Amino acid sequence: MSKVVTMKEAIAEYIKDGQSILISAFSINQGYAFAHEIIRQKKKNLTLIRSSGDILADQMIGAGCVGKVISPYVWNPTGPSSAYCFRRAMEKGIPHKVELEEFSFGAFCMAIYAAAHGLPFMPTYPLEGTGIFQHRSILGEDKVRVIESPFSGEKVCLVKPLIPEVCLVHVQRADAEGNAQMWGPLGDVRGTANAGKRIIVSAEEIVDQAIILKEPYKTIVPGFRVAAVVHEPWGAHPSDVFEHYYRDIWFQAGYAEASKTVEGFQKFMDEWVYGVENRAEYLKKLGTKKQEELRWRGQDNGKFHSL
Amino acid sequence: MSKVVTMKEAIAEYIKDGQSILISAFSINQGYAFAHEIIRQKKKNLTLIRSSGDILADQMIGAGCVGKVISPYVWNPTGPSSAYCFRRAMEKGIPHKVELEEFSFGAFCMAIYAAAHGLPFMPTYPLEGTGIFQHRSILGEDKVRVIESPFSGEKVCLVKPLIPEVCLVHVQRADAEGNAQMWGPLGDVRGTANAGKRIIVSAEEIVDQAIILKEPYKTIVPGFRVAAVVHEPWGAHPSDVFEHYYRDIWFQAGYAEASKTVEGFQKFMDEWVYGVENRAEYLKKLGTKKQEELRWRGQDNGKFHSL
Amino acid sequence: MENFIPFEMMILTAAKQIQNGDALFVGFHWPMVASRVARRLHAPDIYCVYEGGGIERTYCPVMPNTGADLILSPHLAFAGETYETLCGFLAAGHLLISMIDAPMVDRFGNINSTCIGPYQCPKVRLAGSGGAADLGANSRKLFMLSDRTTKDGFPARVDYVTTPGYLDGYDSRIRAGFRPDTGPEMIISSLGVFKFDPVSKEAYLWGVYPNADVEKIKASVGWELKEADKLTALSTPTAEEIKVVREELDIAKSRLWKIPGRQ
Amino acid sequence: MENFIPFEMMILTAAKQIQNGDALFVGFHWPMVASRVARRLHAPDIYCVYEGGGIERTYCPVMPNTGADLILSPHLAFAGETYETLCGFLAAGHLLISMIDAPMVDRFGNINSTCIGPYQCPKVRLAGSGGAADLGANSRKLFMLSDRTTKDGFPARVDYVTTPGYLDGYDSRIRAGFRPDTGPEMIISSLGVFKFDPVSKEAYLWGVYPNADVEKIKASVGWELKEADKLTALSTPTAEEIKVVREELDIAKSRLWKIPGRQ
């Protein structure tokens, strides 16, 4: 049974105002195509869960889609620079206040692990004395609890399962049934893609199931877990996808510059999000020359040196 | 720095009487070459840790190398048949008594996870009321402890880290520095290979580092964790290795038949273990015709139907 | 309609519990045969999830030795880890049903695959749990398959609880910390099909194969077997059904499986 | 011998802490540059472990954007998961040293990379932890790198503890549940090098770069800075060392890194 739909259809059907959604992958394979369609459809009051907030979270916050954020950090890695919309929301409540619950990346991974593995909680690494431990918002007391180990008597921090209503994950390839393959460094994706009640996949390529069966060790989400599949080439630009394309740091730097002001951010969004109908139009705007520059070159990455 | 040594050297240097050793992989990629050399070197009183005891554990028990076993099960999957040496040890103390600590596979995986991930313990799935919970030997009270979840008040079973002194893992390929690659279904191997203080790798192929760097997502153990590397083609026969060879069920059935009696077991071991100097001689004995039959045939496995 | 033996009905009845499109956890032994029969008869599009980390999507012409046998490789849509299958999709509740072999199962659906006689000095030592205890803990609907027809396969109480069923019946499973949405659903055996009383959690005879002798069934289990107010008569298999079951048993035999009633 | 600026000495001094053959955890920013300098100067055979799941084994001619940048791919010996690197090799104690950026670090080695001013209404909101809190918890020897030279980079107490150092000093870190074999080892900054008093856990000036003005250093940190009985004079860099540091900063700049003292 084919589950292939357009991005517009997937977001319209599966993302509801007020839901908790997780957009998977750490730094790479970021589901920008998901985020931009969510922004175009003006979803509101989402709880956004991400291991690395990044520009993607910044844009969703700036666009006013997000009421709560659960994440270890939000930034723009190029420079590095501030995530300016995030800053404006936290410092000045622009466009509106956002409730933030911060984890260490390790504690976040453990909360996700508990969700994906049906465990009642997970131990995590010591956190007492940190700001993460002291400051609690959305999860309150349940953010981190401390017990004495029944084995050693030592203090142990526990986190409870973090189960998003919908997980969105961008992968290299999938079949029409949703068997989704990703390879290369995976960050937290094996956990974050599988932690939710429902999973939507977008993929650089939709392939015959025979391709999946040939390298089954690349599958990170089996088809039976997947509600919908979207074919979305370059769906992770300006982040990078293993064996497909490199990170567009120039685009990220441009975003940093533009988003320093509300007006600049608005202009950027008008151009790259609201002003395009879908990812295909975004790509046309990006241009074939840029795509060629960013396209994967196997074991030869030296060319970038001079860029 | 090359860490390549012979199996004889690796076992002589790194395996000491009385140690706890884990031979990794679930059912596939079983380190028979490790086990046979341990038997030839007459190591004693080992604590053998395995996710699936299998024939390998049976042989080490029958050969008198093992004082304690920590495993979820020990059997011969072909037939299925009993693991007769294991039975004799448990039922009659032949060749001597063996202390056994049994886990569910899930609880075993969690204890290994705690070890590989530096966690003070792991929660596991409910066990109260089972024989695994009631009967404790080596680990005593620490085998499974029960707490009330500080989140929900529910009962939660906890297991503590299971940290072997040495982990032995057979993989498809490694470089001389120990970067070890395995792919296909992995069972518990990512955990069990990495849980120990020291790791020894045997590999079907020793390859240039360039091969490793081309597909880094196949690496399951990074070189810096590895003490020694052994080149051991067919090192997992009669078990199977993804994209190398299939399981030799006929050999396993023959072992079941032979090992029904102490004498039969002794004769089998004289022939296949004591009577050969190393894996190369074992292979010669197995014969090239058998190797051809078992050799991987890509997506075409139909031929086995008629065997 | 053909001649058939109850063991074949057991396999077929188990196969019929599987719906096309299901993702199910398949334990070692008869569950593997049942899933293959289902795939050929009415459920080609199922995902069979194994403890070794593989998930089988298409029919494999060869009978695997176990669910971890790499002979399955060309048919796997997913080749991951035990942490993802047994301790992942199963544990997190994403599999609707599970099947497990139940060579000795008692009146509360507890399975013993560890030892006969006292644990410390067993008369017969068996394999032990593997993932069987976890299947008992986490399966949302656990189907138990037994090829046995005598009391030693259906004791009132097993010598050792390898796979937890309803433990001592009533709410004992819940009190021991198991999730309320988990537990045994049915024992499908060569004697007939048993379900569990919603209150006492005792197994009772729910369904019988054609030509079954209910009194003989009752005499073959180790407790006073109750029966449903109205016993379900399981329908006579079609020629096609029996043909497929037998072909699958032939394929298993060619791979050295021991098949009841065959040499 | 060449002219050099303290920032370059900071990078070089950090690089010198890395021995050939080491496996180390490399945090974002200056630790990445330091590890590249070490690899070129004296430690080609190191394993750089990143939170994104990659482990770098050979020198990458391109400066990665972050440790997760796939431009590193041809140089990775391992491309796994955060669960294996940050929550695996680091947490289980298999990495001898770690390096982390420390833009604001206090006298007990606590780093703030979350916010300036009150948490609820920050004057400046920064990125937040990422793996920084875990590095503070699990690093066996944590080297902290700071390009700062003024009091706001070295407050007596940070506004927010993102990366736990010795918390309130003395045994407060142990009492909070951290392992005794973990914790900050050194602050390597553009001011000089600080170590921690074994008892009070307060940072003191341990080493100075050539031509350093100790009184100026003391005036540049937010607490009354103690100094070692005998200050270590860090040696003047060789021409080759400074050349490599500058080349690496050039490469970083070509990839849009902001470099102190350059436009």
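Keep in mind it's a predicted model, so treat the numbers as computed, not measured.
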- prompt: Between A:Pro222, A:Ala114, A:Pro161, which residue shows the highest count of heavy-atom pairs closer than 4.5 Å to chain C?
  reply: A:Pro222
query: Of the non-hydrogen atoms in C:Ala92 and A:Ala116, which two are nearest, and what is the gap between them?
result: CB-O, 3.7 Å
- line: Taking every heavy atom of A:Pro216 against every heavy atom of C:Leu76, the minimum-distance pair comes out as CB-O, 3.3 Å
task: Find out whether A:Gln209 and C:Thr58 are in side-chain contact, i.e. whether some heavy atom of one side chain is under 4.5 Å from a heavy atom of the other.
output: yes
statement: Closest heavy-atom pair, C:Arg57 versus A:Leu213, reported as atoms and distance to 0.1 Å, is CB-CD2, 4.4 Å
message: Given heavy-atom pairs under 4.5 angstrom as the criterion, report whether the side chain, backbone, both or neither of A:Glu215 touches chain C.
response: neither
query: Side chain, backbone, both or neither: which part of C:Ile46 has a non-hydrogen atom closer than 4.5 Å to chain A?
result: neither
- prompt: Side chains of A:Phe224 and C:Phe78: does their closest heavy-atom pair fall under 4.5 Å?
  reply: no
message: Heavy-atom count check: over 12 atoms from other residues, nucleotides or ligands less than 6.0 Å from A:Lys3 NZ?
response: yes
field: Nearest-0.5 Å distance that lies between atom OG in C:Ser73 and atom OH in A:Tyr217
entry: 10.5 Å
query: Checking A:His117 side chain against C:Ala91 main chain: does a donor-acceptor pair fall under 3.5 Å?
result: no
- request: Using a cut-off of 6.0 Å, state whether more than 12 heavy atoms not belonging to A:Glu154 lie near its atom CD.
  value: no
- prompt: What part of A:Ala115 lies closer than 4.5 angstrom to a heavy atom of chain C: side chain, backbone, both or neither?
  reply: backbone
- request: Taking atom CZ of A:Arg198 as the centre, report whether more than 12 heavy atoms of other residues, nucleotides or ligands fall under 6.0 Å from it.
  value: no
- prompt: So what's closer than 4.5 Å to chain C heavy atoms on A:Ile163: side chain, backbone, both or neither?
  reply: neither
- prompt: Do the side chains of A:Asn179 and C:Tyr47 get nearer than 4.5 Å, heavy atoms only?
  reply: yes
- prompt: Is the NZ atom of A:Lys155 crowded by more than 12 outside heavy atoms at less than 6.0 Å?
  reply: yes
